[in-house]
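One structure is given below, encoded as structure tokens.
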2 protein chains.
Amino acid sequence: MSDSSDLKKAGLKATLPRLKILSMMEEAKEPHMSAEGIYKSLLESGEEVGLATVYRVLTQFETAGLVIRHNFEGGRAVFELNQGHHHDHMVCVECGKVFEFFDPAIEARQRKIAEKSGFVMEEHSLYIYGTCEGMKKNGVCSKKAKTTGMA
Amino acid sequence: MSDSSDLKKAGLKATLPRLKILSMMEEAKEPHMSAEGIYKSLLESGEEVGLATVYRVLTQFETAGLVIRHNFEGGRAVFELNQGHHHDHMVCVECGKVFEFFDPAIEARQRKIAEKSGFVMEEHSLYIYGTCEGMKKNGVCSKKAKTTGMA
DNA sequence: TCCAAAATGAGAATAGTTATCGTTGGCCTG
DNA sequence: CAGGCCAACGATAACTATTCTCATTTTGGA
């Protein structure tokens, strides 16, 4: 179980649900999880946490800077622990896999563009959507594609 | 009213609702509109088009390449006419205003990054969120804060 | 003009998320 | 270490954006 001082430092009371959610995210193999996914994983581990609480806590974590929320296509939000180092994402539209990358040149250009138009940049989001290597090689990716055969 | 040949060329029957929606988007001063916003604008113009139809038609337009869908933060989707020239967006988190920009260097880097990881890029989305000039100067932007004023 | 196929409109249904509200529990005080 | 305040919790209702269903209407070709 995660240390309660992490929460305290973030200005949040160290409640049981918060600790459970935080440590579950730290231990999960998949770093990008939906609220629903976190909720279900907790249930499977025998941890009783309400779905509303998961949403509430994730929003608090986001505000506190502990996690980062990504709004993927289709209105799905996923969360990942804030590891301190910013990065962007490549998402496979076939299997849903998420790859991370960081490009200093792009970062610099973005700052410059914002600056040039008198914009105070707070954050940015960059997603590259496409099909990952597995798709190219085998016609399918690691997970399952849409079973319909048609794209 | 927009020309029905635009629709025909896109492989879509030239129905009344489609023509109305297309011409409304062409004439609107705000190029980034939500489905709801388009629906309401049509109502105000005395045009009777069902909300479901607006959603359906916008999705068809997107598939046909006539419009581009943007998934902004908070699960809000907005649409804009596809003017042919790709560009990215800066969104003011205070007033909701949307600015467009295009940076060849960023585009090139993205292609390179995808390529390097064996990714076949289909599309990408880049949004810079921040506060626009009006905010810095006057403490408020053109519109009002709080109400996520997206058409 | 006539007809089959496609599109529409109204409203029901769905998914994801947020709000409500009575109950529980963290943690500060003494 | 107990008492109590107030924030946090859980269950569920409500909400928002979008999609689905299906009876009715429209389109475009013969």
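Letters go in sequence order (proteins before strands), and every chain restarts at 1. Note: hydrogens, waters and symmetry copies are ignored here, and every other heavy atom, side chains too, is used.
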Could you tell me if the side chain of [Y] sits less than 4.5 Å from the side chain of [X], heavy atoms only?
{"X": "A:E62", "Y": "A:N82", "result": "no"}
{"X": "A:M25", "Y": "A:V67", "result": "yes"}
{"X": "B:E47", "Y": "B:M24", "result": "no"}

* To do: Using a heavy-atom cut-off of under 4.0 Å over every strand shown, decide if B:E48 touches base, sugar-phosphate, or nothing.
  => sugar-phosphate
* Pair A:R56, A:T53: side-chain N/O donor-acceptor within cut-off below 3.5 Å -> yes
* Name the orientation class of the two ring planes belonging to B:Y127 and B:H70 (parallel below 30°, tilted from 30 to 60°, perpendicular beyond 60°). => perpendicular
* To do: Look at the rings of B:H89 and B:H87 and say which category their plane angle falls in: under 30° parallel, 30 to 60° tilted, over 60° perpendicular.
  => perpendicular
Could you tell me the separation between the [atom1] atom of [X] and the [atom2] atom of [N], rounded to a whole number of Å?
{"X": "A:N71", "N": "D:dT18", "atom1": "CG", "atom2": "P", "value": "13 Å"}
{"X": "A:L43", "N": "D:dG10", "atom1": "CG", "atom2": "P", "value": "11 Å"}
{"X": "B:L51", "N": "D:dT16", "atom1": "CG", "atom2": "C1'", "value": "11 Å"}
{"X": "A:F79", "N": "C:dT17", "atom1": "CZ", "atom2": "P", "value": "7 Å"}
{"X": "A:L7", "N": "C:dG26", "atom1": "CG", "atom2": "P", "value": "13 Å"}
{"X": "B:Y39", "N": "D:dT16", "atom1": "OH", "atom2": "C1'", "value": "15 Å"}
{"X": "A:Q60", "N": "D:dA8", "atom1": "CD", "atom2": "P", "value": "6 Å"}
{"X": "A:K20", "N": "D:dG10", "atom1": "NZ", "atom2": "C1'", "value": "12 Å"}

* **Cluster check B:I38, B:I68: I/L/V/M/F/W/Y, side chain < 4.5 angstrom** => no
* Asked: Would you say B:V91 and B:F102 are hydrophobically clustered, going by side-chain heavy atoms of ILVMFWY under 4.5 Å?
  -> no
* To do: Can you tell me which stems involve DNA chain C, if a stem is defined as three or more consecutive Watson-Crick or G-U wobble pairs, both distances under 3.5 Å?
  => C:1-30 with D:1-30
Short N/O separations, protein against nucleotides 20-30 of chain D, under 3.5 angstrom:
from, atom 1, to, atom 2, distance (Å)
D:dG28, OP1, B:A14, N, 3.1

* Asked: What is the minimum heavy-atom distance between A:E48 and A:K20, and which atoms define it?
  -> O-NZ, 4.1 Å
* Asked: Does the side chain of B:Y55 get closer than 4.0 angstrom to OP1 or OP2 of D:dT19 through an N or O atom?
  -> no
* Distance check: side-chain N/O of A:T53 vs OP1/OP2 of D:dC9, anything under 4.0 Å? -> no
